[in-house]
Amino acid sequence: LWPWLLASSGLSALVQLVTLPFFPDSPSYLLIQKGNEEACRKAIRKLWGEGDHQAEIDDIMKEKGAMASTKTLRVLEVIKERSLRWQLYILVIVMTTLQLCGINAIYFYSFEVFHTAKFEEYLIPYVSLGVGLCECLSSILCSTLIDRFGRKVLLWGGYLLMSSVLALLTTTLSLQHRFFWMHYFSVILIFLFVVFFGIGP
């Protein structure tokens, strides 16, 4: 079954390969990059139907003017630019914490936790698949929550809840040989960690 599951990701790539030539080019790409206003109008009509779309074209023209007045910085120039220093710090911190938050360790050791929880061998791959499905569903949920609560709240809340779950998971894994039900609690915590990861970071 796993070879078929891995191969299934190629299906979406094949669909894109077949259908993308029939999609119109982006209106902003045609106007800003190519400078072709007529092709831009044609693409807009194809995307949004007939009508007066001058307001949209004016917005793209404003974007083109803003891009023309903005200097493109190289990597070293971005690092040296004082006005971008805080944005750069925040970006580095967010990306670093994302890599060190523990999600890779959870995925790596989840098989062993499921095995210790006395799951049947043939069921463990499906439980692991359920963990991945949880992350997918929580990411979809995040897209609806981010407009309501904002990115900062979801980041702080996600990391706080993930830290709490990791602390509990460390405890349950340490006590799993004393209490038989600790194995199942560890499995629940793994699912919770993945859900909080999908909603937050």
Side-chain angles (χ1 to χ4, degrees), residues 1-16 75 78-79 81-201:
L1 185 61
W2 282 108
W4 288 104
L5 286 172
L6 289 172
S8 65
S9 60
L11 182 63
S12 61
L14 183 63
V15 170
Q16 287 184 26
V75 176
V78 170
I79 293 171
E81 182 63 43
R82 283 186 172 273
S83 62
L84 300 175
R85 194 71 49 84
W86 276 109
Q87 292 92 322
L88 188 62
Y89 288 158
I90 290 169
L91 183 65
V92 168
I93 290 169
V94 169
M95 290 297 104
T96 303
T97 53
L98 187 62
Q99 294 301 316
L100 301 176
C101 69
I103 189 68
N104 294 323
I106 288 291
Y107 275 123
F108 186 80
Y109 288 109
S110 61
F111 187 89
E112 186 179 334
V113 173
F114 298 150
H115 185 75
T116 310
K118 303 295 190 291
F119 279 102
E120 298 289 339
E121 285 289 338
Y122 74 93
L123 283 176
I124 292 177
Y126 296 103
V127 179
S128 299
L129 191 63
V131 171
L133 187 62
C134 269
E135 183 178 354
C136 182
L137 293 175
S138 60
S139 298
I140 294 169
L141 178 62
C142 175
S143 64
T144 60
L145 294 176
I146 197 167
D147 291 330
R148 182 176 296 179
F149 298 107
R151 188 71 182 142
K152 188 187 290 186
V153 172
L154 290 183
L155 272 174
W156 278 105
Y159 281 125
L160 181 65
L161 290 169
M162 286 164 62
S163 300
S164 304
V165 168
L166 280 179
L168 285 172
L169 187 59
T170 303
T171 306
T172 57
L173 290 175
S174 301
L175 298 175
Q176 64 182 353
H177 299 296
R178 296 188 183 183
F179 307 100
F180 73 94
W181 49 269
M182 280 291 179
H183 305 300
Y184 305 105
F185 195 36
S186 299
V187 172
I188 293 169
L189 288 174
I190 285 175
F191 275 90
L192 282 176
F193 183 88
V194 170
V195 168
F196 295 148
F197 173 79
I199 292 174

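Keep in mind that what you see is a predicted model, and the values were worked out from it rather than measured.
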Item to check | Distance (rounded to the nearest 0.5 Å) between Leu14 CG and Gln16 CD | outcome: 10.0 Å
Checklist entry - Within a radius of less than 6.0 Å around OH of Tyr159, do more than 12 heavy atoms belonging to other residues, nucleotides or ligands occur? => result yes
Next on the checklist: For a quick test of reading the model, state the closest non-hydrogen atom pair linking Ile103 to Val194 and the distance between them.
Outcome noted: CD1-CG2, 4.2 Å
Next on the checklist: How close do Val165 and Phe193 get, counting heavy atoms only, and between which atoms?
Outcome noted: CG1-CB, 3.7 Å
Checklist outcome for this item: Tightest non-hydrogen contact, residues Leu88 and Ile79, listed as CD2-CA, 3.9 Å
Next on the checklist: If I take atom CG from residue Leu168 and atom CG from residue Leu173, how far apart are they, to the nearest 0.5 angstrom?
Outcome noted: 11.0 Å
Checklist entry - If you look only at pairs with a residue in residues 135-152, which of them pass as a side chain to side chain donor-acceptor pair (under 3.5 Å), with sequence neighbours excluded? => result Tyr107-Glu135
Item to check | Distance, nearest 0.5 Å, that separates CG of Leu123 from CG of Leu129 | outcome: 12.5 Å
Checklist entry - Just wondering, are more than 12 heavy atoms of other shown residues or ligands nearer than 6.0 Å to CD in Gln87? => result yes
Checklist entry - Do the rings of Phe111 and His115 sit parallel, tilted or perpendicular, given the 30° and 60° boundaries? => result parallel
Item to check | Test log, rule side-chain contact (heavy atoms from CB on, under 4.5 Å), inputs Leu169 and Ile106 | outcome: CA-CA 10 Å; Leu169 187 59; Ile106 288 291; 3.5 Å; yes
Checklist entry - Which word best sums up how the rings of Phe114 and Phe191 line up, parallel for under 30°, tilted for 30 to 60°, or perpendicular for over 60°? => result tilted
Checklist outcome for this item: Value for OG1 (Thr171) from CG (Leu189), rounded to nearest 0.5 Å, stands at 9.0 Å
Item to check | Residue pairs fulfilling side chain to side chain donor-acceptor pair (under 3.5 Å) with at least one residue in residues 184-201, sequence neighbours excluded | outcome: Thr172-Ser186
Item to check | Sub-4.5 Å side-chain heavy-atom contact between Ile199 and Leu161 | outcome: no
Next on the checklist: Can you give me the closest heavy-atom contact between Ser83 and Glu81, atom names plus distance?
Outcome noted: OG-OE2, 3.0 Å
Checklist outcome for this item: Looking only at heavy atoms, the pair that brings Thr96 and Val92 closest together is OG1-O, 2.6 Å
Next on the checklist: Side chains of Trp181 and Leu175, heavy atoms from C-beta outward: is any pair under 4.5 Å?
Outcome noted: no
Checklist entry - If you measure from CD1 on Ile90 to CG on Leu155, what distance do you get to the nearest 0.5 Å? => result 10.5 Å
Checklist entry - Which atoms form the tightest heavy-atom contact between Cys101 and Leu166, and what is the distance? => result O-CD1, 3.7 Å
Checklist entry - At what distance, to the nearest 0.5 angstrom, does CG of Leu192 lie from OG of Ser164? => result 11.0 Å
